[in-house]
**Student:** 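Can you read through this structure? Questions will come right after.
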Amino acid sequence: MNKPFKQHLIDPEVCIRCYTCEMTCPEQAIEHDDNNVVVNADLCNFCMDCIPVCPTGSIDEWRVVKDAHSLEEQYSWDELPPQEDIAGPAGDADLDALDEAMAALLADAHQGAGGKAKAPATAAKPTINLHNLGKPVEAVVQGNYRLTDSDGNVDVRHIILDFQGHPMPVLEGQSVGIIPPGTDAEGKPRLPRLYSISSPRDGERSGYNNVSLTVKREEHGVCSNFVCDLEKGDTVKITGPFGATFLLPDDPEARIMMICTGTGSAPMRAFTMRRQRTVGAKNGGMTMYFGARSPKDLPYHGPLKKVPESLLKQHLVFSRVEGEPKEYVQDRMLTDQPAIADMLKDPKCYIYICGLRGMEEGVNSAFSTIASDMGTDWLSLRDTMREEGRYHVETY
Ligand code: NAP
């Protein structure tokens, strides 16, 4: 009889197919087909290098099995199988030892604010992976607008895509993949790059089958330059939608706290527009801490000024304004400590963090200080909120 062991798996419902884990794994144990990203149990050595780089936590799945799920099985899954009931004491001691070793490795990998998330209990059920790598949907570019000052170095674009009647049911907080044309250095078709949808579920224009994306031109970036150079009428191959946890609760009284940097504001725009279109005066409110180098580098700076404070309290913070001290989102969180403490006490408070990976540490530390002054341990509060679908991180 085979001894039970822990198999490393990827949750196909939560995975956004960014392929970062596959590019990170030193053992080449992670691979993909048109449908899913999977782990080869024969090659995975539990080094955990893939855990911290995953923006969604879909990588952090384990099942105790006697026989490993094959690659073919994993490729066919739409969702993970439940934990089987592994009967009998065979191998239990080994499993416990492995559990301890894995727990220590995972604890290291989990440092920072990321980790496995749950969707809010009231969130709408998302559609996932409707258009996969093998059968992407073609969208037509309806518009490409520069969001940042044309004299600055930062070129961020608002791209509007129309799906021409093809189904593309999205929820705020989900992402889509854009497949850049051409082949990579090995002559293989390029993999899609993931972008968060910055429009609400009923369309960039309400009732239209279109979505918007917020894309920053990166020096030497294959996909970002392709996207930023798109013109009206061009067509693009799209995969998705992806993401099943970074979603809004369907509760107008929920209090939404959004912390973002740069183009990490994309899902926050979608959340704000969704609320603007659906909730009335009786709402739990939204507060945003949004960091950019300067006002001219802050995506949506102009439109944000028109959003009323009754809907969205805005803290726009800047790190490189001449003559002013450098300020990061975590600095403003500490300045706004009483308001954050009030939100943390509220069981209807939902936290969303999106943007640069580097912000996680500072944001986590600001939360720790605020929670500690409230007499609360931040890590246990964070884990409770995560378990309740009220704490969400998507950083790259
Ligand atoms: P950016 O312009 O490089 O930075 C935005 C602001 O964050 C700047 O003021 C920057 O300050 C500050 N910052 C730098 N390090 C920080 C830290 N450790 N803590 C707090 N603030 C910090 O941002 P970006 O290039 O737009 O990057 C956005 C990130 O969001 C990317 O990693 C992207 O992959 C990710 N993202 C994008 C999307 C999308 O749909 N496009 C969706 C989700 C996530 P200084 O530069 O002055 O240090």
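Whatever order the structure lists ligands and atoms in, that order sets their numbers, starting from 1. Position 1 is the first residue of the sequence; numbering continues from there. We use all heavy atoms of the structure for the numbers below, so side chains are in, but hydrogens, waters and symmetry mates are not.
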**Student:** Taking atom 10 (C) of ligand 1 as the point of reference, which of Pro267, Ser319, Ser198 owns the nearest heavy atom?
**Tutor:** Ser319
**Student:** Give yes or no for whether the N/O distance cutoff of 3.5 Å, strictly under, is met between Val215 and ligand 1.
**Tutor:** no
**Student:** Determine whether the side chain, the backbone, both or neither of Arg320 has a heavy atom under 4.0 Å from any heavy atom of ligand 1.
**Tutor:** side chain
**Student:** Side chain to side chain contact (heavy atoms under 4.5 Å, CB included) between Asp383 and Ser380: does it pass, once the steps are laid out?
**Tutor:** CA-CA 5 Å; Asp383 290 348; Ser380 45; 5.6 Å; no
**Student:** Can you report which non-hydrogen protein atom sits closest to atom 26 (O) of ligand 1, along with the distance?
**Tutor:** Thr263 N, 2.9 Å
**Student:** Is it the side chain, the backbone, both or neither of Cys354 that has a heavy atom closer than 4.0 Å to ligand 1?
**Tutor:** side chain
**Student:** Distance to 0.1 Å, residue and atom name: give those for the protein heavy atom nearest to atom 31 (C) of ligand 1.
**Tutor:** Leu356 CD2, 4.1 Å
**Student:** When you measure from the side chain of His392 to the backbone of Ile351, do you find a donor-acceptor pair of N or O atoms at a distance under 3.5 Å?
**Tutor:** no
**Student:** Salt-bridged, Glu388 to Lys118, with N to O below 4.0 Å?
**Tutor:** no
**Student:** Who's closest to atom 5 (C) of ligand 1 heavy-atom-wise, of Gly262, Gly173, Ser224?
**Tutor:** Gly262
**Student:** Give the intermediate values and the outcome of ring-ring contact (aromatic ring centres under 6.0 Å, His included) for residues His32 and Tyr75.
**Tutor:** CA-CA 8 Å; His32 70 271; Tyr75 280 139; 8.3 Å; no
**Student:** Once rounded to the nearest 0.5 Å, what's the spacing between atom NE2 of His158 and atom CG of Asn144?
**Tutor:** 10.0 Å
**Student:** Need the ligand 1 atom indices (1-based, order shown) with element for anything under 4.0 Å from a heavy-atom of Gly291.
**Tutor:** 5 (C), 6 (C)
**Student:** Quick one: does NZ or CZ of Arg17 land under 6.0 Å from the six-membered ring centre of Phe242, within 45 degrees of the ring axis?
**Tutor:** no
**Student:** With only distance considered, is Tyr195 within less than 3.5 Å of ligand 1 through an N or O on each side?
**Tutor:** no
**Student:** With heavy atoms only and a cut-off of under 4.0 Å, state how Tyr328 meets ligand 1: side chain, backbone, both or neither.
**Tutor:** side chain
**Student:** For atom 41 (N) of ligand 1, what is the closest protein heavy atom, and at what distance to 0.1 Å?
**Tutor:** Thr214 O, 2.8 Å
**Student:** Under a 4.5 Å side-chain heavy-atom rule over Ile, Leu, Val, Met, Phe, Trp and Tyr, are Tyr391 and Leu381 clustered together?
**Tutor:** yes
**Student:** Using a distance-only test with no angle check, is there a side-chain donor-acceptor pair under 3.5 angstrom linking Thr263 and Tyr195?
**Tutor:** no
**Student:** Hey, what's the ring geometry for Phe246 with Phe271, parallel, tilted or perpendicular (30° and 60° as the breaks)?
**Tutor:** parallel
**Student:** Suppose we measure from atom 7 (O) of ligand 1 to each protein heavy atom; which comes out shortest, and what is that distance?
**Tutor:** Thr261 CG2, 3.4 Å
**Student:** For the backbone of Pro81 and the side chain of Arg63, can you confirm whether one donor and one acceptor N or O come within less than 3.5 Å of each other?
**Tutor:** yes
**Student:** With respect to Asn210, which candidate in Gln142, Arg205, Gln164, Glu204 satisfies the side-chain hydrogen bond (donor to acceptor under 3.5 Å, both in side chains) definition?
**Tutor:** Gln142
**Student:** If you measure every N or O of Gln330 against every N or O of ligand 1, does any of those distances drop under 3.5 Å?
**Tutor:** yes
**Student:** Within the distance-only criterion (no hydrogens, no angle test), does the side chain of Asp336 pair as donor or acceptor with the backbone N or O of Ala339 below 3.5 angstrom?
**Tutor:** no
**Student:** Suppose we measure from atom 18 (N) of ligand 1 to each protein heavy atom; which comes out shortest, and what is that distance?
**Tutor:** Gly358 O, 3.1 Å
**Student:** Hey, is Lys216 touching ligand 1 through its side chain, its backbone, both or neither, going by heavy atoms under 4.0 Å?
**Tutor:** side chain
**Student:** Applying a strict 4.0 Å limit to heavy atoms, is Glu361 in contact with ligand 1?
**Tutor:** no
**Student:** I want to know if ligand 1 touches Glu394 in the polar sense, i.e. an N/O pair below 3.5 angstrom.
**Tutor:** no
**Student:** Can you report which non-hydrogen protein atom sits closest to atom 40 (O) of ligand 1, along with the distance?
**Tutor:** Ser196 N, 2.9 Å
**Student:** So which protein heavy atom does atom 34 (O) of ligand 1 come closest to, and at what separation?
**Tutor:** Tyr396 CB, 3.4 Å
**Student:** Between Glu218 and ligand 1, is there a nitrogen or oxygen pair with a distance under 3.5 Å?
**Tutor:** no
